[in-house]
Amino acid sequence: MNIVFVWLVLFVVFLVAELVTAGALVSIWFCVGALVALVAAYFGAAFWLQMTLFFVVSIGLLLGTKPFLKKHLDPKTMATNADRILQNRGIVEEEINNLKGQGAVKIDGKSWTARNIDGEAVIPVNAEVIVVGIEGVKAMVKVMEKETVSE
């Protein structure tokens, strides 16, 4: 069997593996390595040189580009400042009723959809609340404890 054909088959296998994984960058480096080895084989390079080129190119590209691509193409991480409202006080603008799926609070001049962490208790309009968490785009709040003044 002709070694050029073997490198061509490997190139296609790595290419198909990359396409099947929908750009997850799992085999593109080996695809390029196989292509370089295929060209070397076509021009009559010794088998040890073909293998060396395949491994050097594949591993070199893997080590050289994967960290950069992972950092710049990671769609899972999206920086937000939503956590800056944690532990902030707010005023209820729309009655918070978890059973009805309604409620809104004003925090730092911005309106947030809100839910009560204390379950089914309804929080009335103008009540003062504190943000204790964020779930999706909803502020998870609880009613502020009334401070008693001792005389």
Side-chain angles (χ1 to χ4, degrees), residues 1-123 125 129-144:
M1 180 184 279
N2 189 347
I3 193 68
V4 173
F5 181 72
V6 172
W7 287 117
L8 181 61
V9 168
L10 284 173
F11 171 76
V12 171
V13 166
F14 289 129
L15 184 61
V16 168
E18 186 64 34
L19 294 174
V20 167
T21 58
L25 300 175
V26 294
S27 66
I28 191 70
W29 305 278
F30 303 105
C31 185
V32 175
L35 188 60
V36 170
L38 181 141
V39 170
Y42 179 78
F43 287 109
F47 182 70
W48 68 266
L49 181 58
Q50 296 169 34
M51 291 298 292
T52 302
L53 285 171
F54 171 75
F55 284 113
V56 168
V57 170
S58 298
I59 293 171
L61 286 173
L62 175 66
L63 296 175
T65 60
K66 181 106 179 179
F68 173 79
L69 292 174
K70 187 172 183 175
K71 179 179 177 184
H72 288 73
L73 297 178
D74 188 7
K76 299 172 201 150
T77 306
M78 180 175 260
T80 67
N81 341 344
D83 59 339
R84 71 181 173 173
I85 68 165
L86 289 174
Q87 303 304 315
N88 280 7
R89 293 179 180 194
I91 301 295
V92 177
E93 291 184 309
E94 175 187 348
E95 179 181 80
I96 300 173
N97 186 327
N98 291 354
L99 293 176
K100 292 182 180 178
Q102 69 183 32
V105 294
K106 183 156 278 211
I107 304 162
D108 286 337
K110 295 180 179 69
S111 188
W112 283 77
T113 304
R115 295 295 175 261
N116 185 2
I117 63 158
D118 292 330
E120 298 177 6
V122 174
I123 303 175
V125 174
V129 294
I130 186 165
V131 180
V132 295
I134 298 171
E135 288 185 14
V137 295
K138 293 178 177 55
M140 304 305 290
V141 301
K142 70 177 183 177
V143 177
M144 289 289 299

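All of these numbers come straight from a predicted model, not from anything done at the bench.
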Non-hydrogen side-chain atoms of Ile134 and Leu86 separated by less than 4.5 Å: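 In short, these two side chains touch, coming nearer than 4.5 Å.
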Beyond-backbone contact of Val132 with Ile130, side-chain heavy atoms, under 4.5 angstrom: yes
Rounded to the nearest 0.5 Å, how far apart are [atom1] of [X] and [atom2] of [Y]?
{"X": "Met140", "Y": "Glu135", "atom1": "CE", "atom2": "CD", "answer": "4.0 Å"}
{"X": "Trp112", "Y": "Asn88", "atom1": "CH2", "atom2": "CG", "answer": "10.0 Å"}
{"X": "Phe11", "Y": "Leu38", "atom1": "CZ", "atom2": "CG", "answer": "8.5 Å"}

What pairs of donor and acceptor atoms, side-chain ones from residues 51-62 against any protein atom, are under 3.5 angstrom apart with sequence neighbours left out?
unit_1: Thr52; atom_1: OG1; unit_2: Trp48; atom_2: O; d: 2.7
unit_1: Ser58; atom_1: OG; unit_2: Trp29; atom_2: O; d: 3.4
unit_1: Ser58; atom_1: OG; unit_2: Phe54; atom_2: O; d: 2.7

Stepwise side chain to side chain contact (heavy atoms under 4.5 Å, CB included) check, Val131 with Ile107: CA-CA 9 Å; Val131 180; Ile107 304 162; 3.3 Å; yes
For Phe14, all residues meeting ring pair (Phe, Tyr, Trp, His ring centres under 6.0 Å), sequence neighbours excluded: Phe30
Audit row: Gln50, Ile3, side chain to side chain contact (heavy atoms under 4.5 Å, CB included) steps and yes/no: CA-CA 10 Å; Gln50 296 169 34; Ile3 193 68; 3.4 Å; yes
Could you work out, with side chain to side chain contact (heavy atoms under 4.5 Å, CB included) as the rule, every residue matching [X], not counting sequence neighbours?
{"X": "Val16", "value": "Val12, Val20"}
{"X": "Val9", "value": "Phe5, Val13"}
{"X": "Ala17", "value": "Ser27"}
{"X": "Asn116", "value": "Ile96, Asn98, Asp118, Ala121, Ile123"}

Residue pairs involving residues 91-113 (criterion salt bridge (Lys or Arg N to Asp or Glu O under 4.0 Å); sequence neighbours excluded):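 Salt bridge (Lys or Arg N to Asp or Glu O under 4.0 Å) check on residues 91-113 returns Glu93-Lys106.
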